[in-house]
Q: 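Structure in structure tokens, see below.
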Amino acid sequence: PPAQRERAAHAEPNYVSGLDAVLVLELPDIAPATLRALGRRVDPDTGRVFHLDFDPPPTNEPGLIERLEELVPPVEAKVQERLTAWDLGKGATEAWIARFANLRVPVDAAPVKEQVATFAGGVVEGVVAAKAAAAAVKEAADAAGVAAATAQTAAAAVAEAHRRATIAAAAAA
């Protein structure tokens, strides 16, 4: 039979993580990603970023639309190449994320960024609330442990006092 060390070397590792959640942005159709990447514009005067389709610039600011510049020129963005590269590496990424299956939170990345951010923020708020609840339970358990130890000490003192009283009463009789 294989030695314990050999069995351990071939066993599936038991991963322990410091992560509280793994948010996975899911975008089954790459068209929205392409539109988002290619439609961004920046106001060079203010640094504010707009998107022609998803977050258009206000029309009531004179000269704003004319001075907008592409945030990343399409040639530099290489959107299709990057999406293809992501798609090729997706299996390895999913395999890594699978290690944290109980922490995986799928996030629909198709809606506008505010909706995605709101959903992600809700996940974070849930994690923070769960951690606060766990801390409160731990604090209560610690307090209960101290109370139990104090009660045991008091019970032992009462038993000792009773024992001494019994001995004293027997000696007096």
Side-chain angles (χ1 to χ4, degrees), residues 5-144:
R5 231 185 277 172
E6 289 176 26
R7 285 192 308 270
H10 297 293
E12 281 294 314
N14 184 13
Y15 295 104
V16 176
S17 169
L19 302 175
D20 296 311
V22 177
L23 281 79
V24 180
L25 298 176
E26 295 184 343
L27 193 61
D29 180 15
I30 63 169
T34 305
L35 286 174
R36 285 183 184 161
L38 297 178
R40 296 182 302 163
R41 303 291 187 267
V42 64
D43 177 357
D45 291 354
T46 65
R48 184 161 177 218
V49 177
F50 299 97
H51 191 283
L52 299 179
D53 296 317
F54 302 108
D55 183 20
T59 55
N60 61 350
E61 288 185 38
L64 173 62
I65 294 174
E66 291 77 18
R67 66 175 186 260
L68 290 180
E69 300 173 353
E70 287 181 316
L71 189 59
V72 178
V75 174
E76 289 179 34
K78 299 181 182 176
V79 176
Q80 195 59 47
E81 288 176 35
R82 289 179 180 179
L83 289 172
T84 300
W86 165 255
D87 201 40
L88 290 174
K90 190 174 180 181
T93 302
E94 283 295 328
W96 183 82
I97 291 173
R99 296 176 180 175
F100 311 103
N102 58 333
L103 301 175
R104 188 179 206 277
V105 181
V107 179
D108 182 7
V112 296
K113 65 182 177 182
E114 290 81 10
Q115 287 177 312
V116 174
T118 298
F119 181 83
V123 171
V124 171
E125 288 172 7
V127 167
V128 169
K131 284 184 145 196
V137 167
K138 182 184 182 318
E139 187 176 322
D142 290 348

Q: Restricting to pairs with a member in residues 18-51, which pass ring-ring contact (aromatic ring centres under 6.0 Å, His included), not counting sequence neighbours?
A: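 Only His51-Phe54 qualify under ring-ring contact (aromatic ring centres under 6.0 Å, His included).
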Q: Rounded to the nearest 0.5 Å, what separation is found between the CG atom of Leu64 and the CG atom of Leu68?
A: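 It is 4.5 Å, given to the nearest 0.5 Å.
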Q: Output the distance between atom CG (Leu71) and atom CD (Glu69), rounded to the nearest 0.5 Å.
A: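 Here the interatomic distance stands at 9.5 Å.
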Q: Mind checking what makes side-chain hydrogen bond (donor to acceptor under 3.5 Å, both in side chains) contact with Arg48, not counting sequence neighbours?
A: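 side-chain hydrogen bond (donor to acceptor under 3.5 Å, both in side chains) check on Arg48 returns nothing, list empty.
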Q: Could you tell me the separation between the CG atom of Asp45 and the CD atom of Glu61, rounded to the nearest 0.5 Å?
A: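 Taking CG in Asp45 and CD in Glu61, the distance rounds to 10.5 Å.
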Q: Using a cut-off of 6.0 Å, state whether more than 12 heavy atoms not belonging to Glu139 lie near its atom CD.
A: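 No, because the 6.0 Å sphere around CD of Glu139 holds 12 heavy atoms or fewer from other groups.
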Q: Can you give each donor-acceptor pair under 3.5 Å made by side-chain atoms of residues 116-135, sequence neighbours left out, with the distance rounded to 0.1 Å?
A:
from, atom 1, to, atom 2, distance (Å)
Thr118, OG1, Glu114, O, 2.8
Lys131, NZ, Asp20, OD2, 3.1

Q: Check whether any side-chain heavy atom of Pro57 sits under 4.5 Å from a side-chain heavy atom of Asp43, and report yes or no.
A: no
Q: Ala109 and Leu25: which non-hydrogen atoms are nearest, and at how many Å?
A: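 Between these two residues, the closest heavy atoms are CB-CB, 4.0 Å.
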Q: Taking all non-hydrogen atoms of both residues into account, name the closest pair between Asp55 and Val49 and its distance.
A: OD2-O, 3.8 Å
Q: Measuring from Arg41:CZ to Glu70:CD, what's the distance to the nearest 0.5 Å?
A: 4.5 Å
Q: Give, for atom CG of Leu103 and atom CD1 of Ile97, the distance between the pair rounded to the nearest 0.5 Å.
A: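 Going from CG on Leu103 over to CD1 on Ile97, the span is 11.5 Å.
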Q: Considering non-hydrogen atoms only, spot the tightest contact between Arg67 and Pro44 and give its length.
A: O-CD, 3.1 Å
